Asker: 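Before I ask anything, here is the structure I am working with.
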Number of protein chains: 2
Amino acid sequence: MPKRERQRQLEISLEQNPFLTDEELSKQFKVSVQTIRLDRLECGIPELRERLKTVAARTMEAEVKSLQSDEIIGEIVDIVLDKRAVSIFDVTDDHVFRRSGIARGHHLFAQANSLAVAVLDDDLALTVTSDLHFLKPVRSGDRVIARAIVDKERSNNKRTFVDVISTVENETVFTGEFQMYQTTDHSGREI
Amino acid sequence: MPKRERQRQLEISLEQNPFLTDEELSKQFKVSVQTIRLDRLECGIPELRERLKTVAARTMEAEVKSLQSDEIIGEIVDIVLDKRAVSIFDVTDDHVFRRSGIARGHHLFAQANSLAVAVLDDDLALTVTSDLHFLKPVRSGDRVIARAIVDKERSNNKRTFVDVISTVENETVFTGEFQMYQTTDHSGREI
DNA sequence: TCCGGATTAGCACTTGGTACTAATACCAGT
DNA sequence: ACTGGTATTAGTACCAAGTGCTAATCCGGA
């Protein structure tokens, strides 16, 4: 196998499995450990420990991100329980279709839906039905601001209606009407 | 600081930041490196490199998972383009409300919506509106099977209607009607 | 035949450890 | 005051997986 091709394969191997030591690689490619070291040097591939360090660093970051983004998609910036709430969601490359660069619908839905759940002062609010309108495409880099308002007129003690309007730079990109089910009895409360 | 307390703090420190070397820890706790080593030994905390290895391993796993789960939520098991498609989504603890154990709505939506996108033989299909019904709660461990059917009667060359029905053990848990926008012109094709 | 890139080998040194031994410190009990 | 036990510190030998360097060898083409 020619040198160029081996180096290409090496990069692929390490991308798939950064845990390989030079010795393991030398066996895989049937060359000496020194050759592997020279290859890594030429390709600018760091040693095992450095690779693990960066991979591990990625995890820590990702875990912090996913921790906060699991409960609520987006960040809640204002909330008055049982009345209204606002959340901000920054769209990144992770959220868009690669070909078109347009955000996948389920991320906008997730922001709106989790905001609708959060605005209800209930241990357990579930979505029953919802009616969605995706009005304008949202792209990577856009900051989506979702505003949820509890519609008290149409709500009763088991069903609550929450309207969510999401905007990017004051233009409405998404609207959702959520009919929510609440377990606890709210009839005794102030409405 | 007493030994017990120091060891407790040590565990906390390393959980938050597994990248700390014994030397850094010894400075942090103002004891010798050897003491830190003894503490790790007693608490069963592995050395830096082992810690990074396990953290990095977690990442790789997570990345494989999120890679496949980003394009399509769930796994497509059957598809006839522009006609129908089926996907399977296994609900885990990651998808449910901690308190109630019931799956968050946006995961069911994501499965259905991404299936609706996939079934359309188009580089760029976008969701315009959708009408959702969450009929029964879905729990961790449930296997959700989503079936998408393209409604040809109501579709024209710019708007396509896709109906998705999701079931768990033959019971319908979710239905969604998706009105999709397609960029490419399908009028010349077989319906 | 000679040149040059590619490969291999060998050695000293580095990091962040393990495993082990030994010394020291300090406090309580008798 | 002496002894015992725990805690801490110091020091040594060793290891894995490298870097950085020099030197030797191989192998193919002009």
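The chains referred to below are lettered A, B, ... by the order of the sequence lines, with proteins before strands, and numbering in each begins at 1. Note that this is a predicted model, so its numbers are computed, not measured.
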Asker: If you assign B:Leu20 and A:Thr35 each to the DNA chain C nucleotide with the nearest heavy atom, which residue ends up on the more 5' nucleotide?
Answerer: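 The residue closer to the strand's 5' end, by nearest nucleotide, is A:Thr35.
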Asker: To the nearest Å, how far apart are A:Glu5 CD and C:dT7 P?
Answerer: 13 Å
Asker: Quick one: the side chain of B:Arg49 and the base of C:dG16, do they pair up donor-acceptor inside 3.5 Å?
Answerer: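 Per atom types, the contact qualifies.
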Asker: Which whole-number value in Å describes the distance from B:Gln34 CD to C:dT24 P?
Answerer: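 One finds 15 Å between P of C:dT24 and CD of B:Gln34, rounded.
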Asker: Whole-Å distance between C:dT7 P and A:Arg4 CZ?
Answerer: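 Checked: the CZ to P distance equals 11 Å.
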Asker: Students often get this wrong, so: under 4.0 angstrom with heavy atoms, is A:Val31 touching a base, only sugar-phosphate, or nothing?
Answerer: sugar-phosphate
Asker: Can you tell me if B:Glu177 and B:Ser130 form a side-chain donor-acceptor pair at under 3.5 Å?
Answerer: no
Asker: Between A:Asp22 and B:Pro2, name the one whose nearest nucleotide on DNA chain D is closer to the 5' end.
Answerer: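 On the 5' side of the pair lies B:Pro2.
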Asker: Heavy-atom count check: over 12 atoms from other residues, nucleotides or ligands less than 6.0 Å from B:Arg143 CZ?
Answerer: no
Asker: Would you indicate which nucleotide in C:dT8, C:dT7, C:dG17 comes nearest to any side-chain atom of A:Lys3?
Answerer: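 Minimum distance to the A:Lys3 side chain belongs to C:dT7.
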Asker: Quick one, which residues of residues 36-46 of chain B touch DNA chain C with a heavy atom under 4.0 Å?
Answerer: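 Within this stretch, B:Arg37, B:Arg40 sit under 4.0 Å of the strand.
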Asker: Under 6.0 Å from the CD atom of A:Glu169, do we count more than 12 heavy atoms belonging to anything else shown?
Answerer: no
Asker: Hey, are A:Arg84 and A:Asp78 close enough for a salt bridge, meaning a charged N less than 4.0 Å from a carboxylate O?
Answerer: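 Judged by the 4.0 Å cut-off on N to carboxylate O distance, A:Arg84 and A:Asp78 do form a salt bridge.
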Asker: Any salt bridge linking A:Arg37 with A:Glu42? Criterion: basic side-chain nitrogen under 4.0 Å from a carboxylate oxygen.
Answerer: no
Asker: Does A:Asp142 come within less than 4.0 Å of A:Arg139, counting only side-chain N to carboxylate O?
Answerer: no
Asker: What is the first contacted nucleotide of DNA chain D and what is the last, in 5' to 3' order, if contact means an atom lying under 4.0 angstrom from a heavy atom of chain A?
Answerer: D:dA16 to D:dT19
Asker: Using 4.0 Å as the upper bound for N to carboxylate O, is an ion pair formed by B:Glu24 and B:Lys27?
Answerer: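 No.
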Asker: Roughly, in whole Å, what's the span from NZ in A:Lys53 to P in C:dG17?
Answerer: 10 Å
Asker: Nearest-Å distance, CZ (A:Arg6) to C1' (C:dT7)?
Answerer: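 Atom-to-atom, A:Arg6 to C:dT7, this comes out as 8 Å.
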Asker: In whole angstroms, how far is the P atom of C:dG16 from the CZ atom of B:Phe19?
Answerer: 14 Å
Asker: Nearest 0.5 Å, what's the CG-CG distance between B:Leu48 and B:Leu14?
Answerer: 9.0 Å
Asker: Using a 6.0 Å cut-off, check whether atom CD of B:Gln28 has over 12 heavy atoms from anything other than its own residue.
Answerer: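 Result for CD/B:Gln28: enclosed.
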